[in-house]
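Take a look at the structure below.
Just so it is clear: chains get the letters A, B, ... in the order the sequence lines come, proteins before strands, and each one is counted from 1.
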2 protein chains.
Amino acid sequence: MKKKNPKKQSIQHIAAALQLSPATISRVLNNHPHVHEATRSKVMTMVEQVGYKRNVMASGLRTNKTHTIGLIVPRISMFVHTEIITAIQNGLHAHGYNLIICQSNDSLAIEQDLAQTLYASRVDAVIVACTLFTSDFSHFDVLTDNDIPVLFYDRVPVKPYPACIIKGDDFRGAYLATAHLVELGSRRIAYISGPMSCNIYIDRYAGFEQAMRQHRVDIDPDRIFYHELTVDNARKALHRLFARRPYPDAVLCANDLTALTVLTFAKEKGISIPQELRIVGYSNDPRSSIVTPSITTVEQFPGRIGQVIVSEVLKLLKHGREGLLQEMAPIVTPVELIRRMST
Amino acid sequence: MKKKNPKKQSIQHIAAALQLSPATISRVLNNHPHVHEATRSKVMTMVEQVGYKRNVMASGLRTNKTHTIGLIVPRISMFVHTEIITAIQNGLHAHGYNLIICQSNDSLAIEQDLAQTLYASRVDAVIVACTLFTSDFSHFDVLTDNDIPVLFYDRVPVKPYPACIIKGDDFRGAYLATAHLVELGSRRIAYISGPMSCNIYIDRYAGFEQAMRQHRVDIDPDRIFYHELTVDNARKALHRLFARRPYPDAVLCANDLTALTVLTFAKEKGISIPQELRIVGYSNDPRSSIVTPSITTVEQFPGRIGQVIVSEVLKLLKHGREGLLQEMAPIVTPVELIRRMST
DNA sequence: TTTATTTACTGAAACGTTTTCGTAAAAATA
DNA sequence: TATTTTTACGAAAACGTTTCAGTAAATAAA
């Protein structure tokens with residue numbers, strides 16, 4: 001049973017061994033009609049026997065299809081992205097596609113480079129979650145101009161762009177979270193947002209604002225912060241917030257890392273959660289549920305987002321770009337507020 | 001500045017436009033010697049102007065190099081793997097390589113399929129962290145037989161296999177953890193291990209055993225469990241452990257998820273940590289540090305493991321397989337015990 | 001029976017590179 | 001000046017597949 005040195009097997013070797021032409025082998029392999037049943041099985045057994053595997057470079061060169069999808073994401077270690085990527089990877093694999101995963105590290109320069117690289121690889125489609133700072137999207141033109149469909153999710157272009165767009169309902173998520181705080185009685189609500197160059201923070205701010213206005217609660221600009229959502233930045237904001245009284249009675253955070261940082265800070269200062277300060281995060285990072293007290297947050301259902309992405313990508317691959325033109329309206333996926341001990 | 005319809009650009013179009021032969025363009029693009037400086041710059045400006053990007057399928061077909069590395073991993077969402085993958089991806093990208101990431105979902109059948117697929121894609125090398133249940137490795141033969149180097153990490157073959165092997169010092173990690181517990185006074189130590197089909201659990205058990213023996217503490221077989229490290233399985237084990245007295249006074253867990261489950265269980269039962277029960281985990285999952293009490297665990301330095309993997313892969317790519325033969329000894333990366341409140 | 005249609009296959013070109021071999025022209029050497 | 005060496009480039013083959021156009025045989029229709 002040991003196949004020693006199977007060596008490079010090509011369609012031609014099979015053809016020669018069977019006294020057939022390469023064309024026939026190819027037809028068998030691609031399930032083309034007009035091939036005799038006897039030859040088909042003869043070929044298949046030989047293919048099995050020598051362990052032939054199609055060379056995707058050769059076939060890709062000929063057909064202009066790689067059966068490979070490119071993915072650009074800021075960081076695969078961010079919880080929501082990890083979950084979404086897992087769903088995408090499993091879904092695409094089930095349909096015979098490979099996935100090339102790239103990380104931009106939230107650097108625009110790297111993102112630009114990656115778009116070029118993925119074009120060079122002639123992937124069949126590209127899925128992108130942008131950098132925090134991507135406001136110009138022309139580096140993706142090389143893809144769209146060459147009929148490689150592009151699909152954005154989560155962090156998507158704010159300006160119109162000829163691509164499929166899938167985003168969470170960030171407006172609603174922030175709206176629900178804010179309304180929840182107000183209904184519990186909070187009035188001095190602080191909001192720690194990400195940079196407003198990114199659609200998700202624009203939308204979340206809008207949801208926050210609308211909830212505040214509808215409930216006739218004033219927004220204190222001194223309690224609003226816009227910056228990259230790192231631990232350091234969160235701590236700086238907290239020092240400002242608790243520099244003088246009155247302290248805020250709630251902090252709405254645009255991600256869970258920031259919410260966790262607020263919780264740690266509160267414990268250090270002896271501020272009781274939720275009695276003196278309520279905390280809400282965003283994304284339902286697993287850490288938010290195991291910490292004490294557990295943190296109220298907004299679930300985005302990353303697995304479902306991944307499935308939507310897969311089905312949209314497959315649609316684009318099947319119908320080419322004509323399907324795109326009418327489908328320019330962004331697809332918005334639902335969110336849900338998860339109430340926990342921090343409120 | 002708008003480049004409308006740049007259309008498929010090939011080396012031949014550039015050649016035609018410049019009255020040169022494709023060979024010359026190729027030489028310029030690959031920095032070959034013996035090309036006149038004037039023509040070189042002429043070609044480069046034209047390449048820039050029309051936005052030409054090499055078709056890697058064509059060049060790959062010719063050179064048998066794809067500049068793509070395959071990665072097979074049980075789940076990208078497992079913390080250690082997420083970190084390692086991030087390091088690998090960044091490291092390889094810096095050297096001009098793409099990464100195709102695949103998940104086996106801990107299924108041997110999928111892993112076998114993926115090995116085939118990656119061979120079909122003619123990746124330049126494959127990096128693998130095996131399934132929990134991979135004990136036969138012949139499905140990777142298709143790669144090694146065709147001179148595609150294979151590199152295993154973390155979960156590696158237990159039998160000799162012609163591949164580069166990189167593993168954490170699981171023996172030492174478990175030894176340190178166990179010795180730590182014994183030195184604190186624990187004597188009735190339970191150990192929740194993963195299935196013994198996998199090298200990491202074999203090694204960890206050996207480390208546990210050696211520490212127990214050296215400190216002359218008896219191992220009670222009723223307090224040892226071998227199973228997939230899920231929450232459900234952990235809870236079953238805990239029910240058995242706490243079905244009758246005397247209760248264990250420490251639980252050593254082969255991963256942090258299990259340690260977290262033990263912690264939750266103890267809180268439910270009103271068992272005080274660490275006074276009545278000490279807990280140690282493995283891997284330093286971020287959750288283990290933010291929970292109260294924080295959990296003592298073993299740090300594996302995933303970022304460093306990723307760097308080692310990258311440098312070994314690059315070595316293999318540079319020297320081909322001859323370097324492999326002498327280098328068959330596994331590379332072992334260090335670990336460190338992190339003491340926290342749970343002990 | 002003859003003619004039209006279908007079936008089963010082959011030959012050859014094409015996809016876009018890289019690379020070997022060959023050959024002029026230029027430069028160095030005699 | 002004549003000869004050798006070096007430099008700069010072109011022609012063409014090759015990588016392994018797919019597919020178009022074509023053909024001989026088998027089958028169906030007339």
Side-chain angles (χ1 to χ4, degrees), chain A residues 6-44 46-47 50-68 96 119-124 146-148, chain B residues 6-44 46-47 50-68 96 119-124 146-148:
Chain A
K7 270 306 146 214
K8 299 263 181 268
Q9 286 293 350
S10 82
I11 234 176
Q12 329 219 24
H13 298 127
I14 313 252
L18 258 43
Q19 313 254 54
L20 288 170
S21 85
T24 305
I25 315 296
S26 175
R27 269 202 286 267
V28 171
L29 259 27
N30 294 299
N31 291 315
H32 275 272
H34 300 318
V35 39
H36 200 252
E37 190 47 42
T39 35
R40 177 184 301 279
S41 62
K42 216 167 39 172
V43 169
M44 287 312 284
M46 179 62 86
V47 162
V50 303
Y52 166 84
K53 281 284 150 192
R54 109 160 5 96
N55 182 325
V56 303
M57 278 184 293
S59 90
L61 175 60
R62 183 60 228 252
T63 61
N64 234 349
K65 292 270 158 283
T66 51
H67 287 271
T68 299
Y119 171 63
S121 294
R122 300 299 193 273
V123 292
D124 292 343
N146 286 90
D147 295 324
I148 297 178
Chain B
K7 271 303 145 215
K8 300 260 179 272
Q9 286 292 350
S10 81
I11 234 177
Q12 330 220 24
H13 297 127
I14 312 253
L18 258 46
Q19 313 255 51
L20 289 169
S21 86
T24 306
I25 315 296
S26 175
R27 271 197 281 264
V28 171
L29 259 27
N30 295 300
N31 290 315
H32 275 273
H34 299 320
V35 40
H36 200 254
E37 189 46 43
T39 38
R40 178 184 301 279
S41 62
K42 217 167 38 169
V43 169
M44 288 311 286
M46 179 61 87
V47 162
V50 303
Y52 166 83
K53 281 283 151 192
R54 131 184 316 117
N55 182 326
V56 302
M57 277 184 292
S59 89
L61 175 60
R62 181 61 228 253
T63 60
N64 234 347
K65 292 268 158 287
T66 51
H67 287 272
T68 299
Y119 171 63
S121 294
R122 301 297 194 275
V123 291
D124 292 344
N146 287 90
D147 295 325
I148 297 178

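- Considering only side-chain N and O atoms, B:Arg54 lies under 4.0 angstrom from the phosphate OP1 or OP2 of C:dT18.
- Residues A:Ser26 and A:Ile11 are in side-chain contact: their nearest non-hydrogen atoms beyond the backbone lie under 4.5 Å apart.
- When rounded to the nearest whole Å, the span between NE2 of A:His32 and C1' of C:dT10 equals 16 Å.
- Rounded to the nearest 0.5 Å, atoms OG1 (B:Thr63) and CG (B:Asn30) are 9.0 Å apart.
- Regarding A:Gln12, its CD atom lies at a distance of 7 Å from the P atom of D:dT17, rounded to whole Å.
- Here D:dA13 presents its C1' atom at 13 Å from CG of B:Leu61, a figure rounded to the nearest Å.
- Remark: B:Arg54 fails to qualify as a cation-pi partner of B:Tyr52 under the 6.0 Å distance and 45° angle criteria applied to the six-membered ring.
- Taking atom NE2 on A:His36 and atom P on D:dA25, their separation rounds to 16 Å, with Å as the unit.
- With rounding to whole Å, A:Ile11 atom CD1 is found 15 Å from C:dG11 atom C1'.
- Nucleic acid contact for B:His34: base, since at least one base atom lies under 4.0 Å from a heavy atom of the residue.
- One atom, NZ of A:Lys53, and another, P of D:dG16, lie 17 Å apart when rounded to the nearest Å.
- The residue among B:Ala58 and B:Gln19 whose nearest nucleotide of DNA chain D lies closer to the 5′ end is B:Gln19.
- Mapping B:Leu20 and A:Ser59 onto DNA chain D by nearest heavy atom places B:Leu20 at the nucleotide closer to the 5' end.
- Between B:Ser10 and B:His13 the shortest side-chain heavy-atom distance falls below 4.5 Å.
- Contact between A:Ala15 and A:Ser21 at its shortest, heavy atoms only, is CB-C, 3.7 Å.
- In this entry the distance linking CG of A:Asn64 with P of C:dG16 reads 7 Å, nearest Å.
- One finds the CE atom of B:Met46 at 6.5 Å from the CD1 atom of B:Ile14 (value rounded to the nearest 0.5 Å).
- When the side chain to side chain contact (heavy atoms under 4.5 Å, CB included) test is applied to B:Ala120, the partners found at least two apart in sequence or on another chain are A:Val56.
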A:Val28 vs A:Thr39, side-chain contact (heavy atoms from CB on, under 4.5 Å): CA-CA, chis, key distance, verdict: CA-CA 9 Å; A:Val28 171; A:Thr39 35; 5.8 Å; no

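- Contacts with DNA chain C (heavy atom under 4.0 Å) in residues 21-30 of chain A: A:Ser21, A:Ala23, A:Thr24, A:Arg27, listed by number.
- A:Ser121 places no side-chain N or O within 3.5 Å of a backbone atom of A:Val123 that could act as its donor or acceptor partner.
- Here the P atom of nucleotide D:dA8 and the NZ atom of B:Lys42 are 13 Å apart, to the nearest Å.
- Taking the C1' atoms of five terminal pairs at each end of the helix from C:dT1-D:dA30 to C:dA30-D:dT1, the two resulting helix axes are inclined by 40°, rounded to 10°.
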